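Below you'll find the structure, written out as structure tokens, and then a few comments.
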Amino acid sequence: MRRQDRKTEDDHAQELLRNGTYGILSTADAQGNPYGVPLSYVYIGRNLYFHGAHEGRKVTNARQNKQASFCVVDGAEPLPERFSMRYRSVIVSGEITEVEGREKREALQGFLRKYSSNYLEEGRRYLEKTEEQTIVLRLEVQELSGKTRS
């Protein structure tokens, strides 16, 4: 990181991952063509989880090239008089893989707790009906870098 004065401690970066609502997953296909997709996520342990359909560019890329990165930005606000921005951000990189069984169910339940905590029972019934049509990808966090500008 070039601006060491803006680097945050790992625990602050992880807190942003736990509390952030949306981010950009960046992958590349087998030929190295980049692709970024905005999506929701959950952070459990040192892993990020994403869900979606069994087909699509995100899934194809993850199967062809296991390396991926994910970025979350929070509180972005222009500081026009300073020709700058206020923000908090975190970028992680690691290996992305599909998960099944118990880990898949725990990740999907993590989505319920994070995004639909007032509808847990309805959400569990929904998951029972849709789990087979849903893929869950895990990004094992191997590198983590947080940055803040106030």
Side-chain angles (χ1 to χ4, degrees), residues 1-79 84-117 120 123-124 126-128 130-150:
M1 176 183 306
R2 185 181 64 80
R3 293 291 309 259
Q4 290 295 314
D5 60 316
R6 295 193 181 152
K7 182 178 180 177
T8 61
E9 299 296 322
D10 280 1
D11 58 334
H12 289 108
Q14 289 186 50
E15 183 249 335
L16 177 54
L17 284 176
R18 277 189 296 280
N19 297 324
T21 55
Y22 224 62
I24 308 291
L25 176 65
S26 297
T27 60
D29 64 19
Q31 291 75 40
N33 298 308
Y35 176 67
V37 60
L39 36 72
S40 57
Y41 69 96
V42 291
Y43 184 57
I44 302 171
R46 289 278 293 182
N47 297 310
L48 289 161
Y49 292 92
F50 315 100
H51 67 82
H54 282 273
E55 296 178 5
R57 195 166 173 185
K58 168 182 65 183
V59 174
T60 299
N61 285 1
R63 289 176 176 153
Q64 293 177 350
N65 183 343
K66 301 289 185 199
Q67 295 305 305
S69 71
F70 187 70
C71 175
V72 175
V73 178
D74 181 53
E77 176 187 345
L79 301 170
S84 191
M85 294 284 287
R86 176 177 293 129
Y87 63 89
R88 292 186 328 145
S89 67
V90 61
I91 299 173
V92 301
S93 60
E95 191 170 288
I96 194 165
T97 55
E98 183 177 349
V99 297
E100 292 289 340
R102 183 177 179 171
E103 186 175 7
K104 177 180 178 179
R105 281 188 293 284
E106 288 175 359
L108 291 171
Q109 290 171 6
F111 277 96
L112 287 178
R113 288 188 300 276
K114 182 174 181 179
Y115 294 103
S116 300
S117 61
L120 292 178
R124 286 187 185 103
Y126 177 77
L127 287 180
E128 286 174 13
T130 61
E131 184 177 342
E132 291 302 313
Q133 294 90 33
T134 305
I135 190 172
V136 173
L137 300 171
R138 174 187 66 221
L139 176 60
E140 181 183 341
V141 177
Q142 296 169 342
E143 292 182 37
L144 177 140
S145 176
K147 200 170 169 185
T148 299
R149 164 75 184 215
S150 15

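All values below were derived from every heavy atom in this structure, side-chain atoms included, with hydrogens, water molecules and symmetry-related copies excluded. In this chain, numbering begins with 1 at the start of the sequence shown. As the structure is a prediction and not an experimental result, all values here were calculated from the model.
In plain terms, the two heavy atoms of A30 and Q64 that are nearest each other are N-OE1, 3.0 Å. Shortest non-hydrogen contact noted between L139 and F50 is CB-CE1, 3.8 Å. For the residue pair K114 and G20, the shortest heavy atom distance occurs at NZ-O, 2.6 Å. The shortest heavy-atom contact between V73 and S89 is CG2-CB, 4.1 Å. In this structure, Y22 and S40 approach most closely via the heavy-atom pair CE1-N, 3.5 Å. Residues V42 and A107 share a closest heavy-atom pair of CG2-O, 3.9 Å.
The OH atom of Y87 sits 13.0 Å away from the CG atom of D74 when rounded to the nearest 0.5 Å. Note that CD of E140 is 9.5 Å distant from CZ of R46, once rounded to the nearest 0.5 Å. Distance check, rounded to the nearest 0.5 Å: CG of L39 to NE2 of H51 gives 8.5 Å. Distance CD1/I96 to CG/L48: 9.0 Å, rounded to 0.5 Å. Taking OG1 of T134 as the reference point, atom CZ of R105 lies at 13.0 Å (rounded to 0.5 Å). Separating the CG atom in N33 from the CG atom in N65 is a distance of 10.5 Å, to the nearest 0.5 Å.
Counting heavy atoms from C-beta outward, Y41 and L25 have side chains that stay 4.5 Å or more apart. In this structure, the side chains of T27 and K58 stay at 4.5 Å or more apart for every pair of heavy atoms. Between L144 and V90, the closest side-chain pair of non-hydrogen atoms falls below 4.5 Å. Side-chain atoms of E98 and R63, non-hydrogen and from C-beta on, do get closer than 4.5 Å to each other. Taking the side chain as every heavy atom from C-beta outward, Q14 and V141 never approach each other to under 4.5 Å. Contact of the L108 side chain with the E131 side chain is registered, since non-hydrogen atoms from C-beta on lie closer than 4.5 Å.
Atom OH of Y126 has 12 or fewer heavy atoms from other residues, nucleotides or ligands within 6.0 Å. Within 6.0 Å of atom CD in E132, 12 or fewer heavy atoms from other residues, nucleotides or ligands are found, so the atom counts as exposed in its surroundings. Heavy-atom neighbours of E77 CD from other residues, nucleotides or ligands within 6.0 Å: above the threshold of 12.
Considering E106, E95, E103 as possible partners of R138, the one that fulfils the salt bridge (charged side-chain N to carboxylate O under 4.0 Å, His left out) test is E103.
Cation-pi geometry between K104 and Y49 is not met: the NZ or CZ atom fails to fall both under 6.0 Å from the ring centre and inside 45° of the normal.
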